[in-house]
Amino acid sequence: MSSRRSSRGSISEEEINELISKLQSLLPNSRRRGSSQASTTKLLKETCNYIKSLHREVDDLSDRLSDLMSTMDHNSPGAEIIRSILRS
Amino acid sequence: MAQCGGGDVSRHRKGHLETVESLCQGLLDDVMLDDDKCRAMFGYLQEWQQDMGSNMCYGSLGEPPLVPEPSNGSGSSGGFRKRRPEDAKGESSSVCKRQRGKQQQQGQERAKAVGARKKAEAASPKDSPATSASTVTAGQKTDYIHVRARRGQATDSHSLAERVRRERISERMRYLQELVPGCNKVTGKAGMLDEIINYVQSLQKQVEFLSMKIAASNPVVNFNIVEDLFGRQLSQAACNPATLPAMTLPMGQVEPSCLQMSPLQQMQTSAGSSGFGLEMVVSNPYSPAPAGPMSVPAGASVEPCLNVNGAAGWDIGSHSLFSGFDASFQSVQSDCLLDNLKMEM
């Protein structure tokens with residue numbers, strides 16, 4: 001039982017290590033840190049926080065964008081330019 | 001030292017505290033603080049401290065005449081505060097020992113994680129009373145992580161620590177599963193990690209896209225276009241409106257050079273004052289003597305701004321950049337303005 005588990009586990013372990021290093025490269029403050037293996041829990045925690053901060057950022061930015069679009073005069077040349085930019 | 005909570009000792013201390021209180025009351029009654037009384041009180045306090053054989057009240061009692069009422073409450077609570085983490089630690093470690101003994105005796109599968117005990121010990125020595133109380137209770141709650149070792153599984157500390165680590169990882173993964181939409185359909189850690197990576201990447205792209213949109217649709221949109229035209233010379237300055245005050249500073253330094261071009265301006269006023277401000281600023285970079293640190297990209301950025309966007313874009317830029325300067329040019333009559341210029345010359 002244990003040998004079967006370990007053989008299957010080693011493959012997925014490799015995959016998981018690869019995925020985890022990939023995930024670490026996505027996190028903003030992970031580049032300065034070298035070792036990855038020691039702190040999988042820390043990495044996952046950071047991922048949680050990062051996802052939360054990204055959510056917040058997306059919300060904030062969409063709020064700002066909608067505010068801008070609502071306050072903008074639709075006929076002004078500035079709005080024309082913005083629309084053309086947004087379309088592209 | 002530690003067992004102050006014992007009945008006779010506390011009674012003993014209470015009697016002492018009453019004496020101290022009466023002494024302090026006497027001190028308070030006198031408007032002028034008497035040296036003798038003060039000395040007597042502190043001598044008594046020192047004796048009392050030596051009696052008690054502890055230094056628990058030292059900090060608060062060391063302060064001279066403000067001692068009285070605080071010495072009562074905060075002294076004892078201070079001692080309690082100091083003692084508390086040790087008590088908690090001893091208690092938790094004893095609990096843990098009991099737990100271990102139980103496990104070994106009865107062959108139960110409940111084990112105590114070494115990491116959890118370390119965490120409790122690290123968390124306990126806080127000194128503020130509220131946090132110490134909360135950490136004590138929290139430490140007692142999270143004190144032992146129950147790791148079940150099934151029959152035949154190892155119970156040595158390494159295996160237990162590894163099990164705790166895996167437990168934590170899967171807990172985090174569960175949490176991430178809630179956080180990432182569509183992740184609960186995927187089974188297996190690899191799939192979940194893949195999903196998480198994709199989600200983070202998509203979120204990053206979304207943020208990038210949104211911020212690009214915001215930057216494009218800011219009121220400073222003119223400067224963004226200028227930036228594109230001029231090879232991103234103004235990339236830092238033009239992106240957000242917060243840098244507009246920074247932009248006004250170098251442009252404000254251009255003002256003297258504007259005033260120095262009086263022959264040109266006189267020519268222009270004689271020609272007519274319509275579009276005067278525009279003409280003047282356009283001719284600004286070509287002033288014969290650009291006095292002061294006039295930055296070339298800033299000057300150059302205003303110029304195409306006029307050409308490209310026309311009047312609407314220009315109004316935003318000019319009002320914010322030339323604070324009041326250009327407005328006065330446009331509102332005041334040209335001869336009055338000429339007088340002003342002459343006076344300033």
Side-chain angles (χ1 to χ4, degrees), chain A residues 1-2 9 11-28 38-69 71-73 75-88, chain B residues 152-153 164-181 183 188-222 224-225 228 240-241 308-316:
Chain A
M1 164 197 163
S2 70
I11 294 170
S12 74
E13 195 75 18
E14 271 175 32
E15 277 177 12
I16 281 174
N17 285 345
E18 202 176 306
L19 286 170
I20 277 180
S21 58
K22 198 178 167 189
L23 183 61
Q24 193 169 27
S25 69
L26 282 179
L27 294 190
S39 57
T40 309
T41 46
K42 217 177 273 180
L43 175 79
L44 291 177
K45 193 177 176 185
E46 276 174 25
T47 312
C48 286
N49 292 334
Y50 186 51
I51 287 178
K52 273 186 222 156
S53 75
L54 281 177
H55 277 160
R56 248 179 282 132
E57 208 169 341
V58 165
D59 286 346
D60 183 43
L61 285 175
S62 20
D63 281 352
R64 274 173 63 189
L65 192 62
S66 62
D67 279 355
L68 273 176
M69 293 307 281
T71 55
M72 193 154 293
D73 189 9
N75 303 322
S76 70
E80 246 352 283
I81 294 164
I82 291 164
R83 252 175 260 137
S84 69
I85 287 173
L86 291 187
R87 244 177 269 126
S88 64
Chain B
Q153 278 188 336
V164 167
R165 178 178 157 269
R166 258 182 272 148
E167 189 75 21
R168 277 206 199 116
I169 287 178
S170 56
E171 184 191 337
R172 293 270 169 221
M173 289 296 271
R174 252 176 278 131
Y175 190 58
L176 274 172
Q177 207 170 12
E178 288 172 18
L179 218 55
V180 177
C183 206
K189 261 182 193 159
M192 267 176 64
L193 277 174
D194 223 0
E195 203 67 27
I196 289 166
I197 287 170
N198 286 339
Y199 186 58
V200 167
Q201 273 173 340
S202 75
L203 274 179
Q204 278 174 341
K205 267 178 207 154
Q206 205 174 348
V207 165
E208 198 182 330
F209 182 64
L210 277 175
S211 49
M212 195 199 77
K213 270 186 180 178
I214 295 269
S217 58
N218 255 342
V220 215
V221 60
N222 310 317
N224 275 323
I225 295 166
D228 287 340
N240 47 353
V308 172
N309 292 321
W314 163 246
D315 275 340
I316 299 169

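Source: prediction; values computed, not measured. Reminder, nothing fancy here: chain letters follow the sequence lines and each chain counts from 1.
Closest heavy-atom contact between B:Leu193 and A:Leu44: CD2-CD2, 4.5 Å. Here the closest heavy-atom approach between residue A:Leu19 and residue B:Ala190 is recorded as CD1-O, 3.2 Å. Residues A:Leu54 and B:Val200 share a closest heavy-atom pair of CD1-O, 4.1 Å.
Annotation: the span from B:Tyr199 atom OH to A:Leu23 atom CG amounts to 13.5 Å, rounded to 0.5 Å. Atom NZ of A:Lys42 is separated from atom CD1 of B:Ile169 by 12.5 Å, given to the nearest 0.5 angstrom. A distance of 7.5 Å separates OG of A:Ser62 from CD of B:Gln206, quoted to the nearest 0.5 Å. Here A:Arg64 contributes atom CZ and B:Ile214 contributes atom CD1; the two are 5.0 Å apart, rounded to the nearest 0.5 Å. Rounded to the nearest 0.5 Å, atoms CG (B:Leu203) and NZ (A:Lys52) are 13.5 Å apart. Taken from CG in A:Leu26 to CD1 in B:Ile196, the straight-line distance is 11.0 Å, to the nearest 0.5 Å.
Other residues, nucleotides and ligands contribute only 12 or fewer heavy atoms inside 6.0 Å of the CD atom of B:Glu208.
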Run the side chain to side chain contact (heavy atoms under 4.5 Å, CB included) check on B:Leu179 and A:Thr47 step by step: do they pass? CA-CA 10 Å; B:Leu179 218 55; A:Thr47 312; over 6 Å; no
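Residue contact with chain A, scored on non-hydrogen atoms closer than 4.5 Å, involves the backbone and the side chain of B:Gln204 alike.
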